[in-house]
Amino acid sequence: MIPVPDISPSRVRLLVSVRDAAEAALARDHGAGLIDAKDPDRGALGALPPETVRAIVAASGDRLTSAVAGEPHDGREASACLAALAGTGVRYLKIAWAPGRAAAGLILPAGIPVIAVLFAEDGPEGADVPALAAAGFSGAMIDTKGKDGRRLTDHLPLPRLASFAASCRAHGLLSGLAGSLSLDDIPDLAALGPGYLGFRGGLCAQADRKGGLDPVRIAEAARRLAAVVPRSEAA
């Protein structure tokens, strides 16, 4: 049986995307709540080889782990991408899912929750949460496809993101928000009550997502996130 994701608004986790086991250990030791295996040299959702993902899981210790599985063109290709990483030991898998894509041919791996990744550039119509739940996804997140310096909130306003997080909660899905986020984005976005906030470039030196992670920035992100009370809890 697929585990039920933790969607409690009081548990907004810091997701840190890492490219190898050394970065996973760094993220683990400086406050990451969810360690995400991703190749930043291969675009927004570049998948790493299975052996690298296994090493990341091993280095993550007691932290939750996830891995991106790419940007497939249809359900059958998505199934193959997910199957390639299903045996790596990660807690979650993530796959890009285009707006309006039919679930025909999609076979989700048994026992591993799969998160559908929507791109902010597709606009509000890209976040059809009921359809994602009906297709069997256990979570949904919004990220940015283009890594050109524009942040998530340059594409979608806070009320739209709040509606997305609330819809995910209503349908029992884990939610995530990401997309060239900076440390200063944490208070506003975490207050919306998503399951996690995802970072890569914002936690790297000179904000270069292809460079190395900065442990000081990871620790500061974790500190700021711990200080936020979600609006759904404070109300």
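Excluded from the calculations below are hydrogen atoms, water molecules and symmetry mates; all remaining heavy atoms, backbone and side chain alike, are included.
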Using the salt bridge (Lys or Arg N to Asp or Glu O under 4.0 Å) rule, collect all pairs that involve residues 53-63, keeping only residues at least two apart or in two chains.
none
With the side chain counted from C-beta on, respond yes when [X] and [Y] share a heavy-atom pair under 4.5 Å apart, and no when they do not.
{"X": "L85", "Y": "V90", "answer": "no"}
{"X": "L152", "Y": "D185", "answer": "no"}
{"X": "I95", "Y": "P72", "answer": "yes"}

With R28, which residues qualify under salt bridge (Lys or Arg N to Asp or Glu O under 4.0 Å), at least two apart?
none
By salt bridge (Lys or Arg N to Asp or Glu O under 4.0 Å), which residues pair with D184, not counting sequence neighbours?
R224
Qualifying residue for salt bridge (Lys or Arg N to Asp or Glu O under 4.0 Å) with E71, from R42, K145, K38:
K145
Could you list the residues that satisfy side chain to side chain donor-acceptor pair (under 3.5 Å) with [X], not counting sequence neighbours?
{"X": "R223", "result": "E220"}
{"X": "D36", "result": "S17, S66, K94"}
{"X": "R150", "result": "D148"}

Hey, could you give me the [atom1]/[atom2] distance between [X] and [Y], rounded to the nearest 0.5 Å?
{"X": "I35", "Y": "I56", "atom1": "CD1", "atom2": "CD1", "answer": "9.0 Å"}
{"X": "L197", "Y": "L183", "atom1": "CG", "atom2": "CG", "answer": "11.0 Å"}
{"X": "I218", "Y": "L26", "atom1": "CD1", "atom2": "CG", "answer": "4.5 Å"}

I107-W97 co-clustered via ILVMFWY side chain contacts under 4.5 Å:
no
Do V216 and L181 belong together in a cluster built from hydrophobic side chains that touch within less than 4.5 Å?
no
